[in-house]
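Below: one structure, written as structure tokens.
All heavy atoms count here, side chains included; hydrogens, waters and symmetry mates do not.
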Amino acid sequence: MRRALRMRAERRQLMTAEAEVLGELRRLRARLPQLTGALAASADGLVLAHDTADGEAETVAALTAAALGVGQRLTDTTGQGRFLELLVRGDNGYVATYAAGGSAVLTLLAEPRINVGRLHLEARRSGARIGELVDGALERKDLN
């Protein structure tokens, strides 16, 4: 019961950063017009903010959490350190996931014609900013 209450309080606190995170996602999409979607989620799959097609965000967040778990396990097992990013290429484009601080992830959907180097550059910057926002919101919760 205490754990459930603590998790609810944490989620409420994370949602306080939603407007700022959404602004960062929109700025990122403006810098990279080949993005077809952008999503920030907690490591456990809670959507924090998204700029994606309707109905897609919760599914992508859940799949991102699963991929994050596999990515973390893979980097740990192979001695590559902590998880930083994951890039998946499909026939119709890319799905890229980036660590965003200690508690969140940034997932981007991109057209196949995107410059992957630019994608990484811009996403790493945005991921760092989102991480600051989310981690800062959690720190404020701990201080209260």
Side-chain angles (χ1 to χ4, degrees), residues 3-4 6-143:
R3 182 172 183 231
R6 187 177 68 244
M7 287 178 65
R8 256 190 238 138
E10 184 174 287
R11 286 184 174 159
R12 273 195 308 272
Q13 198 63 31
L14 286 173
M15 298 316 277
T16 63
E18 180 181 7
E20 291 177 277
V21 172
L22 181 57
E24 183 61 35
L25 295 178
R26 289 183 174 153
R27 287 187 294 277
L28 176 60
R29 287 197 66 185
R31 291 191 309 268
L32 291 172
Q34 298 83 17
L35 290 181
T36 58
L39 166 89
S42 66
D44 64 353
L46 172 71
V47 176
L48 302 175
H50 69 92
D51 189 5
T52 59
D54 291 334
E56 189 176 79
E58 287 78 17
T59 302
V60 172
L63 290 169
T64 295
L68 177 63
V70 171
Q72 288 173 329
R73 182 81 186 254
L74 186 59
T75 56
D76 285 346
T77 301
T78 59
Q80 302 305 312
R82 66 183 177 86
F83 172 84
L84 296 176
E85 57 196 47
L86 173 68
L87 180 68
V88 177
R89 180 177 174 219
D91 288 337
N92 298 321
Y94 294 90
V95 179
T97 299
Y98 301 86
S103 304
V105 292
L106 169 65
T107 295
L108 304 173
L109 309 176
E111 296 174 355
R113 64 188 178 95
I114 196 163
N115 177 318
V116 176
R118 177 110 191 271
L119 170 69
H120 286 321
L121 177 70
E122 296 290 349
R124 289 170 184 155
R125 288 178 183 162
S126 288
R129 175 69 181 133
I130 290 167
E132 290 170 1
L133 293 168
V134 172
D135 291 346
L138 289 173
E139 286 174 14
R140 284 190 297 277
K141 177 193 81 82
D142 289 341
L143 294 176

Do [X] and [Y] make a side-chain contact, defined as non-hydrogen atoms from C-beta onward lying under 4.5 Å apart?
X    : Y    : value
V47  : L39  : yes
T107 : V60  : yes
Y94  : I114 : yes

[X] side chain vs [Y] backbone, donor-acceptor pair below 3.5 Å:
X    : Y   : value
Q80  : T78 : yes
T75  : G81 : yes
R113 : Q34 : no

How many angstroms lie between atom [atom1] of [X] and atom [atom2] of [Y], to the nearest 0.5 angstrom?
X    : Y    : atom1 : atom2 : result
E56  : L63  : CD    : CG    : 10.5 Å
L28  : D51  : CG    : CG    : 9.5 Å
L119 : L35  : CG    : CG    : 6.5 Å
L121 : N115 : CG    : CG    : 9.5 Å
L87  : Y98  : CG    : OH    : 6.0 Å
L133 : E18  : CG    : CD    : 12.0 Å

Looking at every heavy atom in both [X] and [Y], which two are closest together, and how far apart are they?
X    : Y    : result
A40  : I130 : CB-CG2, 4.2 Å
A49  : V21  : CB-CG1, 3.8 Å
T52  : G37  : CG2-CA, 3.8 Å
G102 : D135 : N-OD2, 3.0 Å
S42  : V105 : O-CG2, 4.4 Å
G45  : A61  : O-CB, 3.3 Å

Step by step, would you call E85 with T97 a side-chain contact (heavy atoms from CB on, under 4.5 Å)? CA-CA 5 Å; E85 57 196 47; T97 299; over 6 Å; no
Please walk me through it: do L25 and L106 pass side-chain contact (heavy atoms from CB on, under 4.5 Å)? CA-CA 9 Å; L25 295 178; L106 169 65; 3.5 Å; yes
R31 versus S126, side-chain donor and acceptor atoms under 3.5 Å: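 Distance-only check passes for S126 and R31.
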Might you confirm whether atom CZ of R73 has over 12 heavy atoms from other residues, nucleotides or ligands at distances under 6.0 Å?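 Check fails, neighbour count at 12 or below.
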